[in-house]
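Comments concern the structure below.
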Amino acid sequence: MKLQSIQALRGLAAMLVLIFHIHELEVLAIADNNLTERAWVGGLFTNGYAGVDLFFVISGFIMVYVTRNSVSGLRQAADFLFGRVTRIYPVWWAFAGCLTIYMFAAHGLSGQNAAWQKASFGQPMVPFLIKSFLLIPQPAFPILNVGWTLVHEVYFYIMFTLFMLAPRKWLPVLLGVWAALVTGGAMMGLSNPVAMGWVSLAVHPMTLEFILGAIAGLAITNGLVWRSGVLTLVASMLLLAGLCYQGQESKSLLLWTRVLWYGVPAALLVYAVAGLDLQARHTWLIPALFGWLVTIGLYQLTGLDGDSADAARRGATILTVTVGGIAMLIVIWFGWLLGQSAPELLQRTRAFFRHVLDGAVKLGDWSFALYLCHLIVLSGLRVVFSLLGRSDALAPLFRLGHPGVLDNLAFATSGIVCTLLVSWLSYRMYEQPLTVQFGRLRKSLFRQVQPQPTPA
């Protein structure tokens, strides 16, 4: 059973990261143009990297959910690991390969120039690339730097594969022991904001987000579904509050604070929307959607971001999240009124939002490709804007930092549209066909041989 709401959350996570990087690249482009205008995309999207935290929670949930009917054993564990590895590596190799080819073309094959040394943190080029393509922790980000999150994912896959060797009833205990070891190691100071070694990877606090997702998965697979609609609204507001309030990135924020502000609400949200899927109560997503839109819009209008004063961010968070919560209640009340007075109109409204959900699910399908390609697309777009922006005639539209919002709006809009287009093409022409082919291979390698009946 495909959980549509969970897939929609994948799309939300990917969009948060995409718009976060649009903001970051817009800031860099304005600085390159020696201008001082503030980036137009801001507000809570300055903390859009929290989409990674949501991805980690979803990953933990999905691993528990898809193995809910599996039995323990070496064959089943190998089956699971094969499925995960073939899901992540081929797509990763494609996009990391594109950037590697660009680096070779632009900066040579020696690996000795400044660009290579900056990318590899001074490491020799060949070991750096090998570790990048294999997603092995190292003192540098992988060649495509968003791959640092995939290093964590591979670690999660390996640990969960080991757990599958034990009886399923042991899984809660194993997750608890793992959480205790991670917490203990992190409190001993063995973790860093970016896991660039095996030890810091093993005890990184973000691992707790995966474990939280797995706990949510255990609750759902054991039939523990409670107040899914109300919890969806509450979790949405908690996550929005974290996105609005958090300030500049710090060591604490990149370790424990993000787990508390983003990981815990994300786990509650994943648990809640999974319950909506199982109970076919997707209408609760409508007030949640309106609450998000109202809060995002209002906070964007405040002009605040992570650089703003703490008191200003706190006050704006309370105001905008409260108004967003009121918007949720208004939508629920309005829906009840329509149900009483115009049920046919309500049904047509639900049909419209069903199309919205279907679109969000498709975005979730593209989310892995979107996550891997978006920096490549945005970086290329930044170069195009830089070239076109040199013309004074085109400056209002392409010179980022030019007075007015045309340039900012053009960069944000084209960034989203181009990234979605590349993501869709990548998914349809590469990722999806590979998934089908590897799925067939997986069945042929790991399917159980059914015993033949004894002739009478």
**Message:** I'd like to know if the side chain of T100 reaches the main chain of A96, judged simply by a donor and an acceptor atom lying under 3.5 Å from each other, with no hydrogens or angles considered.
**Reply:** yes
**Complete:** So CD1 of I330 and CZ of F334: to nearest 0.5 Å the spacing works out to 11.0 Å
**Item:** Atom of Y157, atom of T161 and distance for their closest heavy-atom approach
**Value:** O-OG1, 2.7 Å
**Item:** Atom pair OH/CZ of Y371 and F95 - distance to nearest 0.5 Å
**Value:** 13.0 Å
**Prompt:** Looking only at atom types and distance, does a side-chain atom of S250 sit under 3.5 Å from a main-chain N or O of L253, one as donor and one as acceptor?
**Reply:** yes
**Request:** List in chain and number order the residues that pass salt bridge (charged side-chain N to carboxylate O under 4.0 Å, His left out) with E431, two or more places apart in sequence or in another chain; answer none if no residue qualifies.
**Result:** R87
**Fill in**
salt bridge (Lys or Arg N to Asp or Glu O under 4.0 Å) pairs touching residues 305-314, sequence neighbours excluded, are R38-D305, D310-R313, D310-R314
**Request:** Looking only at non-hydrogen atoms, find the nearest pair between W226 and Y271 and report the distance.
**Result:** N-OH, 3.1 Å
**Output field: ring centroids F20/F45 closer than 6.0 Å** = no
**Complete:** When every non-hydrogen atom of G247 is compared with those of N47, the smallest separation belongs to O-OD1, 3.8 Å
**Prompt:** Is a donor on one side and an acceptor on the other found under 3.5 Å between the side chain of E153 and the backbone of S59?
**Reply:** no
**Message:** With heavy-atom distances below 4.5 Å as the criterion, would you say the side chains of Q7 and K362 are in contact?
**Reply:** no
**Message:** Under 3.5 Å, is there a donor on one side chain and an acceptor on the other for S132 and Q138?
**Reply:** yes
**Prompt:** Is there a donor in the side chain of T207 and an acceptor in the side chain of Y155, or the other way round, less than 3.5 Å apart?
**Reply:** no
**Message:** For the OH atom on Y89, are there more than 12 heavy atoms of other groups (residues, nucleotides or ligands in this structure) within a distance under 6.0 Å?
**Reply:** yes
**Prompt:** Can you check side-chain hydrogen bond (donor to acceptor under 3.5 Å, both in side chains) on R168 and T67, steps first, answer last?
**Reply:** CA-CA 9 Å; R168 179 76 171 189; T67 59; 2.9 Å; yes
**Asked** Taking Y299 for the side chain and G43 for the main chain, is one N or O donor matched with an acceptor at less than 3.5 Å?
**Response** no
**Asked** Is the closest side-chain heavy-atom distance between Q76 and F446 below 4.5 Å?
**Response** no
**Mutual orientation of the aromatic rings belonging to F210 and F156 [parallel < 30°, tilted 30-60°, perpendicular > 60°]** = parallel
**Prompt:** Counting distance only, does the side-chain N/O of T221 pair as donor-acceptor with the main-chain N or O of G217 below 3.5 Å?
**Reply:** yes
**Request:** Quick one: list whatever passes side chain to side chain contact (heavy atoms under 4.5 Å, CB included) with Q279, sequence neighbours left out.
**Result:** V225, S228, R281
**Item:** Rounded distance [0.5 Å steps], CE in M63 versus CZ in F80
**Value:** 5.0 Å
**Request:** Kindly compute the distance separating OG (S367) from CG (L18), expressed to the nearest 0.5 Å.
**Result:** 12.0 Å
**Asked** How far does CG of L363 sit from CG of L9, to the nearest 0.5 angstrom?
**Response** 11.0 Å
**Message:** Side chains of N192 and H204 only: does a donor on one sit below 3.5 Å from an acceptor on the other?
**Reply:** no
**W261 ring center within less than 6.0 Å of Y245 ring center** = yes
**Side-chain touch V422/S426, heavy atoms, less than 4.5 angstrom** = yes
**Prompt:** Going from CG on L381 to CD1 on I376, what distance comes out if it is rounded to the nearest 0.5 angstrom?
**Reply:** 13.5 Å
**Request:** Classify the side-chain pair S200/S191 by whether it contains a donor and acceptor separated by less than 3.5 Å.
**Result:** no
**Prompt:** Would you say the side chain of M196 lies within less than 4.5 Å of the side chain of P137, judging by non-hydrogen atoms?
**Reply:** no
**Item:** L175/L218 under side-chain contact (heavy atoms from CB on, under 4.5 Å): CA gap, chis, key distance, verdict
**Value:** CA-CA 11 Å; L175 290 172; L218 281 174; 3.7 Å; yes
**Prompt:** Hey, are Q4 and R354 close enough side-chain-wise for a donor-acceptor pair under 3.5 Å?
**Reply:** yes
**Item:** Distance-minimising heavy-atom pair for W256 and M187
**Value:** CZ2-CG, 4.3 Å
**Shortest non-hydrogen separation from G51 to V17 and the atoms involved** = CA-CG2, 3.9 Å
**Validation row: V64, F160 side chains within 4.5 angstrom (heavy atoms)** = yes
**Message:** For a side-chain contact (heavy atoms from CB on, under 4.5 Å) check, start with the C-alpha distance between I332 and L233, then their side-chain angles and the critical distance, and finish with the verdict.
**Reply:** CA-CA 11 Å; I332 293 172; L233 304 186; 3.6 Å; yes
**Asked** Where does the angle between the aromatic ring planes of F121 and F141 fall among parallel (under 30°), tilted (30 to 60°) and perpendicular (over 60°)?
**Response** perpendicular
**Message:** Taking the six-membered ring of Y65 as reference, does the cationic atom of R68 (NZ for Lys, CZ for Arg) lie under 6.0 Å from its centre and within 45° of its axis?
**Reply:** yes
**Heavy-atom side-chain contact between L44 and T320 under 4.5 Å** = no
**Message:** Please determine whether the number of non-hydrogen atoms from other residues, nucleotides or ligands lying under 6.0 Å from atom OH of Y430 exceeds 12.
**Reply:** yes
**Message:** Would H282 and F353 count as a side-chain contact (heavy atoms from CB on, under 4.5 Å) here? Give the steps.
**Reply:** CA-CA 9 Å; H282 294 117; F353 283 106; over 6 Å; no
**Item:** Check: L243 and W292 side chains under 4.5 Å, non-hydrogen atoms
**Value:** yes
**Prompt:** Above 12 or not: heavy atoms from other molecules or residues under 6.0 Å from CH2 of W424?
**Reply:** no
**Request:** For residues F163 and W178, determine if any side-chain heavy atom of one lies less than 4.5 Å from a side-chain heavy atom of the other.
**Result:** yes
**Request:** Compare every heavy atom of V41 with every heavy atom of H23, then report the nearest pair and how far apart it is.
**Result:** ND1-O, 2.5 Å
**Item:** Test log, rule side-chain contact (heavy atoms from CB on, under 4.5 Å), inputs F56 and L212
**Value:** CA-CA 9 Å; F56 281 0; L212 286 171; over 6 Å; no
**Item:** Y102, OH atom: more than 12 neighbouring heavy atoms under 6.0 Å
**Value:** no
